[in-house]
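Fair warning: this is a prediction, and the values are worked out from it, not measured in the lab. Letters A, B, ... mirror the listed sequences (proteins, then strands); counts begin at 1.
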4 protein chains.
Amino acid sequence: MAGINKVILVGNLGKDPEVRHLEGGSSVAHFTLATNDYYKDKSGNRVERTEWHNITAWRGLAEMAEKFLKKGQQIYVEGKLRTRQYQDKDNQTRYITEIVADEISMLGGRPQADGQGSNGQGAEQPVEAQTFRQEPEIDQLPF
Amino acid sequence: MAGINKVILVGNLGKDPEVRHLEGGSSVAHFTLATNDYYKDKSGNRVERTEWHNITAWRGLAEMAEKFLKKGQQIYVEGKLRTRQYQDKDNQTRYITEIVADEISMLGGRPQADGQGSNGQGAEQPVEAQTFRQEPEIDQLPF
Amino acid sequence: MAGINKVILVGNLGKDPEVRHLEGGSSVAHFTLATNDYYKDKSGNRVERTEWHNITAWRGLAEMAEKFLKKGQQIYVEGKLRTRQYQDKDNQTRYITEIVADEISMLGGRPQADGQGSNGQGAEQPVEAQTFRQEPEIDQLPF
Amino acid sequence: MAGINKVILVGNLGKDPEVRHLEGGSSVAHFTLATNDYYKDKSGNRVERTEWHNITAWRGLAEMAEKFLKKGQQIYVEGKLRTRQYQDKDNQTRYITEIVADEISMLGGRPQADGQGSNGQGAEQPVEAQTFRQEPEIDQLPF
DNA sequence: TTTT
DNA sequence: TTTT
């Protein structure tokens, strides 16, 4: 039986994406995303709780991440949960849960200034369509 | 800035929920949920991939889980991601990512027969409303 | 600014899908989906409320609907809201809001018996992958 | 069988919310929300499509809308679909589909300046927790 | 490690 | 009627 595995996040990047360009032309990006929550504790004090998420983006979304996403920026991410196994430095099996992105949308109207000034045409320039999906296929288009 | 942290799953319970009744009258349930995905590999063979999720349910949802949920049953779960830190048996810090449920709905029209026959009024009896929501507790409310 | 327009439904088909095969080889299916809600009114009586949704599915999803979906069946639908304008019989402008499906998943483990007995290999036979997406593209695959 | 009826939108308010304060102390807000989509047509031109949604918010969310939401502002809305019947001026039955909000979150870090200068303490002042959830009311609770 |  |  096929199931549903869907994650929807709105949060801020903890750091610039790290992008690797793989042999064969594919690429993959990793970054962390913070989602903040607020609640009142028993004494009525306002408490903030931050949850950190590991985001992985492949191919076109990785390239979009490399070009447009910066530390601090607020984005929408839709994807699926995936728990990977790996061996740590002591050769012990460890698990990490990631969100593999299917769609990323830049929020807030204006990308973060990148503060490095290296490129006047950089992340600050207007970005026309700020939602990116894993594949904009001709037959996915509305009409 | 408050964010959004939402998970939506449709899958099958890997085992009966384990429920603990806490001092103070609260309770908490844990179970695993499998979501299955299918894809074709490069040779065109159909491959199944199962993702396992750790679900935690508190209070009313824990009691609902204890009463109505059984291994194998198909359910809808909505909740939020939370990564907890704990010390393993070698006193090393480990992380586990769970979905804290806000809403659970039983799918498929009819709960799984429980196969133990211990109770004629058990899980087999008709369950009228099969969606359960977590009453918002003091420690979940915003601001 | 690109936005997000997403609908997630779990409900039962009100009737068999109506499918039209368009010139050019494309097809489109329409059906209604009921989602039921329960609440207690002020006197504490349990009240049921049914919401009816107009679902539209294109191309591959339309063909999947034609082959596999039957009145009464419980499904998961993910899609987007679209409000269309049309002229009614008195030539007045009317509006109808539909959900254009991006993904449909059959729930409950087993498709509804079709009740017509015309075909021993019909809807009753096991359906392997019961989630259908608008395009299973090679580069959408996991791993 | 209880179902799932969920809508998730990220878009911009088409106008300031209209809020009515009902007898009995309750209140209700209405506003429209635009979600923008982009696609390439057959000639490869970039085309924008705007979908307009009717949002209704009750009680605490209505008050939040009145205080904090302004025309043009980008927000996240989660809610459920509801189609209402009404009689138009010619006494004909008409239908309107609305999204009844369960949660609203202000995006982009900074509410829109209101441009009227009527109130130095207005929408421009810092808003600490920018996610608001509907307290579950008696008429929304499951059984 | 983000944001307000 | 919004936004870029």
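- Arg84(A) meets the salt bridge (Lys or Arg N to Asp or Glu O under 4.0 Å) test with Glu98(A); sequence neighbours excluded.
- The distance from atom CG of Leu69(D) to atom P of dT2(F) is 17 Å, rounded to the nearest whole Å.
- Here the nucleotide nearest the side chain of Asn36(D), chosen from dT3(E), dT1(E), dT2(F), is dT2(F).
- Taking atom CD of residue Glu51(A) and atom P of nucleotide dT4(E), one finds them 20 Å apart after rounding to whole Å.
- Going from atom CG of Leu13(D) over to atom P of dT1(F) covers 15 Å, rounded to whole Å.
- Ranking dT2(F), dT3(E), dT1(F) by closeness to the Thr32(D) side chain, first place goes to dT1(F).
- Atoms CG (Asn12(A)) and P (dT1(E)) sit 16 Å apart, rounded to a whole Å.
- Atom NE2 of His30(D) and atom P of dT2(F) are 20 Å apart (whole Å).
- Stacking between Trp52(A) and dT2(E) is absent: the ring centroid is not both under 5.5 Å from the six-membered base ring centre and under 30° in plane angle.
- Look at Glu48(A) and Arg46(A) and you find no salt bridge, because none of the NZ, NE, NH1 or NH2 atoms lies under 4.0 Å from a carboxylate O.
- One can place CD1 of Ile4(B) at 16 Å from C1' of dT2(E), the figure rounded to the nearest angstrom.
- The existence of a salt bridge linking Lys80(C) and Asp102(C) is confirmed by a sub-4.0 Å separation between a basic side-chain nitrogen and an acidic carboxylate oxygen.
- Atoms CG (Leu107(A)) and P (dT4(F)) sit 13 Å apart, rounded to a whole Å.
- Atom-to-atom, NZ of Lys71(A) to P of dT3(E) comes out at 7 Å; the value is rounded to the nearest Å.
- Take Thr93(D) and apply the side chain to side chain donor-acceptor pair (under 3.5 Å) test, not counting sequence neighbours, and it matches Gln87(D).
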